[in-house]
Amino acid sequence: MDEKFLKPYDPSATEARIYAEWEESGYFNPDNLPDADSREPFTIVLPPPNVTGILHLGHAYEDSLQDSVIRFNRMRGKKALWIPGTDSAAIATQARVEKNIQKEEGKSRHDIGREELVKRVGEFARSSEQTILSQVRRMGASLDWSRYAYTLDDTRNTAVFTAFKRMYAAGLIYRGNRIVNWDPKGQTTISDDEIVHEERTATLYTFKYSKDFPIPVATTRLETKVGDVAVAVHPDDPRYKEFVGKTYEVVFCDVPLSIRIVADTEVDPEFGTGALGVTPAHSQIDWDIATRHDLPKDKIVINEYAKMTASGRVAGLKVIEARETVASWLREEGLMVSEESISQNVSTAERTGGIIEPLPKLQWFVGVDTPFAIEHSEIPGIKTGDTTTLKEVMRAAVESGAVSMPQENFKKIYQHWITNLHDWCISRQIWFGHRIPVWYREDEVVCQETAPEGDGWVQDPDVLDTWFSSALWTFSTLGWPEQTDDLRTFHPTSFMSPAYEILPLWVSRMILMSGFHLGQVPFKTVLIHGLVRDSKGQKFSKSLGNGIDPIEMIDRYGADALRMGLLGGAAVGSDVRFDENKVKGYKNFANKLWNITRYVLTETEGADEDAPLTDADQVLRTELDEILTDVTADFENYRMHLAAEKLYHYAWHRLADELIEDSKNVFASEDTAAHASRRALLKSLLADVLSGLHPFMPFVTEEIWKTLKPSAPFLMISPWPVSGSVE
RNA sequence: GGGCGGUUAGCUCAGUUGGUAGAGCAUCUCAUUGACGUUGAGAGGGUCACAGGUUCGAAUCCUGUAUCGCCCACCA
């Protein structure tokens with residue numbers, strides 16, 4: 001027997017070596033699998049971690065989950081492909097490099113210039129990518145590294161440009177002046193999804209524009225009132241009916257205003273005074289009202305730095321200061337009716353914490369309700385050539401079951417989200433990322449990758465929202481827009497397992513892009529997983545300082561133990577509470593397998609594996625077959641936690657505690673036929689337990705396999721012990 | 001404001017189509033140089049949040065309540 005079995009199992013001496021052997025074997029690449037051509041494809045794309053990031057427990061969980069699924073399918077005889085990649089995470093990465101430059105050189109991005117900054121951010125990104133990639137390897141992830149993709153590499157750049165151009169040509173990408181969420185701190189537009197609402201107390205001021213103005217108005221944003229053009233009331237509100245249609249000239253805080261009274265059903269008569277001061281340029285709802293009533297919308301009183309541009313006493317003040325200035329003026333003039341403290345949700349930028357200032361800006365949008373004729377569609381409910389909208393495509397993909405969501409509740413969340421979806425603002429005012437491929441010269445606008453012929457062309461300065469490129473990920477990683485073999489073979493992908501917080505941000509947009517560009521769904525099954533939380537149920541976060549480094553856990557307990565600790569115990573979809581003790585327990589389990597092996601090897605040296613089983617042993621053999629059939633069904637129905645627990649329980653409490661104990665009696669008896677049968681039985685039970693556990697604990701099972709079955713191929717590509725359908 | 005969940009043993013959570021409540025950890029008792037002390041055998045511990053309903057039978061299905069949480073949102 002191999003001497004290593006005389007000592008306890010040592011993951012740190014094993015894992016790196018085994019991973020290197022797997023990589024060398026080439027089997028992570030499905031093209032190299034035995035009988036590759038006759039295998040049915042099974043594809044997962046890894047949700048790309050940030051190129052500058054480090055592995056956290058959320059990644060570790062995601063990697064464990066997907067690797068267990070891909071390994072299961074590989075053993076089931078599928079052409080299993082798991083594609084690795086990283087995301088440039090434009091805003092976060094640029095912000096980080098800018099900060100470094102500011103700190104080390106005292107320069108801002110404007111001092112350095114666009115070209116130089118983009119170069120330096122790009123270099124930083126590529127220089128740090130190996131960190132995250134080597135950490136993913138330590139998890140045991142069986143990713144096909146030969147197909148590694150980066151959102152800013154040449155193939156993906158081509159995909160992004162092509163996607164933009166096609167959607168632009170179809171009229172689905174347009175440029176428009178719209179109220180956007182402007183982050184004055186980050187100096188960029190951000191999408192609705194990047195906003196966090198914070199509850200704060202605010203003062204609701206009720207005031208009149210002037211002494212003879214008939215309607216008092218309530219607002220929390222007094223400073224914006226210098227930009228008002230109207231007061232809106234509900235058409236059925238008896239208090240104000242007589243004023244509708246009239247226009248009043250006032251001088252409000254030194255600023256002359258012309259205020260028209262309009263009737264609009266959006267106004268809630270119950271709130272405040274039932275009258276809304278309309279500031280078209282600085283509020284979405286006001287913008288919409290102004291649009292409906294043909295009011296001027298170009299009266300901008302706040303700039304990108306959240307400072308007042310209006311004339312008079314508020315000129316140049318920060319919005320907060322201006323608010324107080326206007327309030328004092330109202331009090332002095334006797335125009336303030338009341339001041340009331342209310343709690344209000346303030347929109348802040350997720351990344352910078354800046355308070356969002358709604359501003360009208362020329363931005364690029366994807367129109368989700370814009371009708372277009374779909375060139376090609378394999379999505380049920382939408383026929384090739386149909387006139388449809390992106391929203392309809394997104395809805396049909398899930399409603400028809402073409403994208404299946406085994407968890408019904410997430411399906412509801414998705415549909416609800418689609419219903420409330422607005423046009424997607426895709427331009428960002430930063431420099432690092434995919435630059436918008438549009439060029440301007442006076443009134444000419446051209447969409448192409450490089451400058452058109454002739455002088456005077458200027459490229460749009462903005463870059464695309466990082467989710468634009470991420471949304472193409474399932475097919476850009478397969479070489480699209482080229483019609484590659486990979487694209488034909490592996491798309492739609494089979495399985496996607498994102499965190500629930502990313503359902504609207506990413507999942508739905510992948511469905512959108514894949515639907516438009518390929519007429520396909522991006523994946524057949526989407527299994528939403530929960531968040532990994534700490535032992536108190538809190539989110540891991542930098543500010544709480546409760547982070548746990550998965551690499552440290554691997555150093556201490558081994559990757560197998562960490563994987564089991566994350567997957568065991570909690571159903572996919574609910575949050576996982578991380579418990580180091582659990583991981584420790586699974587380290588013990590790896591050692592238990594090690595010792596089972598030690599016993600089996602000692603007792604079965606030179607045994608005949610094909611010896612006939614006694615009736616009693618046949619019963620024990622059938623017992624495991626039934627468990628494995630159950631486990632197979634669990635896998636196929638995404639009940640990984642149950643599969644893992646059943647195998648754990650069988651290995652430890654049945655095979656080790658009972659069958660091995662019983663075997664001691666058998667071997668002590670005189671019955672040589674029983675000896676032979678039991679030897680063969682033990683070996684086959686152990687082999688199948690290892691097979692079953694391999695998707696969860698790839699390292700220790702592979703290591704044992706090598707000794708148990710020295711002439712067999714890698715366990716990683718060995719057949720799953722249950723063949724055929726289990727349904 | 002709209003939507004979606006959770007509530008089961010001291011703790012963390014399972015419980016697949018309704019059929020006598022489970023695991024791990026923790027606690028307690030006992031055993032043991034035997035493949036493994038990273039061990040084994042055993043014990044205690046739950047009116048499955050609450051109230052109704054459907055059913056021969058409900059942790060599971062329905063209705064309502066409480067409570068905790070999450071997501072979405074242009075009540076100024």
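Below, chains carry the letters A, B, ... as their sequence lines are ordered, and counting in each starts from 1.
Between A:H282 and B:A76 there is no side-chain N or O to OP1 or OP2 distance below 4.0 Å. For B:G69, the OP1/OP2 oxygens have no side-chain nitrogen or oxygen of A:S574 closer than 4.0 Å. Under 4.0 angstrom from either OP1 or OP2 of B:A35 there lies at least one side-chain N or O belonging to A:K664. For B:A23, the OP1/OP2 oxygens have no side-chain nitrogen or oxygen of A:W652 closer than 4.0 Å. An OP1 or OP2 oxygen of B:A35 is reached within less than 4.0 angstrom by no side-chain nitrogen or oxygen of A:N591.
Comparing B:A14, B:C36, B:A76 against the side chain of A:E661 picks out B:C36 as the nearest. With B:A14, B:G40, B:G24 as the choices, the nucleotide that has an atom nearest any side-chain atom of A:H641 turns out to be B:A14. For A:Q284, the listed nucleotide lying nearest its side chain is B:C74; candidates were B:C36, B:G40, B:C74. Looking at the side chain of A:D657, the nearest of the listed nucleotides B:A35, B:G40, B:C70 is B:G40. With B:U38, B:G24, B:A76 as the candidates, the nucleotide lying closest to the side chain of A:H653 is B:G24. Considering only the side chain of A:L642, B:G15 comes nearest among B:A76, B:G15, B:G40. When each of B:C36, B:C74, B:U16 is scored by its nearest atom to the side-chain atoms of A:H422, the top-ranked nucleotide is B:C74. Closest approach to the A:W417 side chain among B:C72, B:C74, B:A35 is made by B:C72 (side chain taken as heavy atoms from C-beta onward).
Both key distances under 3.5 Å define a Watson-Crick or G-U pair, and stretches of 3 or more such consecutive pairs in RNA chain B run B:1-7 with B:66-72, B:10-13 with B:22-25, B:27-31 with B:39-43, B:49-53 with B:61-65.
Rounded to whole Å, atom P of B:A41 lies 7 Å from atom CD of A:E658. Atom OH in A:Y586 sits about 10 Å away from atom P in B:G24, given to the nearest Å. Residue A:D630 contributes atom CG, which lies 19 Å from atom P of B:A14 at whole-angstrom precision. Between A:L359 atom CG and B:C74 atom P there is a gap of 16 Å when expressed in whole angstrom units. Atom CG of A:D286 and atom C1' of B:C74 are 9 Å apart (whole Å).
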(request) For side chain to side chain contact (heavy atoms under 4.5 Å, CB included), just list the numbers for A:M640 and A:V69, CA-CA rounded to whole Å, side-chain angles, deciding distance to a tenth of an Å, and then say yes or no. (result) CA-CA 9 Å; A:M640 266 66 81; A:V69 172; 3.9 Å; yes
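The aromatic rings of A:F72 and A:F635 sit parallel to each other, their planes meeting at less than 30°, with 60° as the upper class boundary.
If you take atom P in B:A9 and the same atom in B:A59, they sit 14 Å apart, rounded to whole Å. Rounded to whole Å, the separation between the C1' atoms of B:U29 and B:A49 comes to 34 Å.
Using a 4.5 Å heavy-atom threshold, the side chains of A:Y9 and A:T14 count as touching. Between A:K225 and A:Y205, every side-chain heavy-atom pair lies at or beyond the 4.5 Å cut-off.
RNA chain B is contacted by both A:E645 and A:F410; A:F410 maps to the nucleotide lying nearer its 5′ end (nearest heavy atom per residue). Take the nearest nucleotide of RNA chain B for A:H649 and for A:D634: the residue whose nucleotide is more 5' is A:D634.
Judged by atom type and distance alone, A:K592 reaches the base of B:C36 through a side-chain donor-acceptor pair under 3.5 Å. Looking at A:R577, its side chain has no donor and acceptor atom pair within 3.5 Å of the base of B:U12.
A donor-acceptor contact closer than 3.5 angstrom is absent between the side chains of A:E623 and A:Y650.
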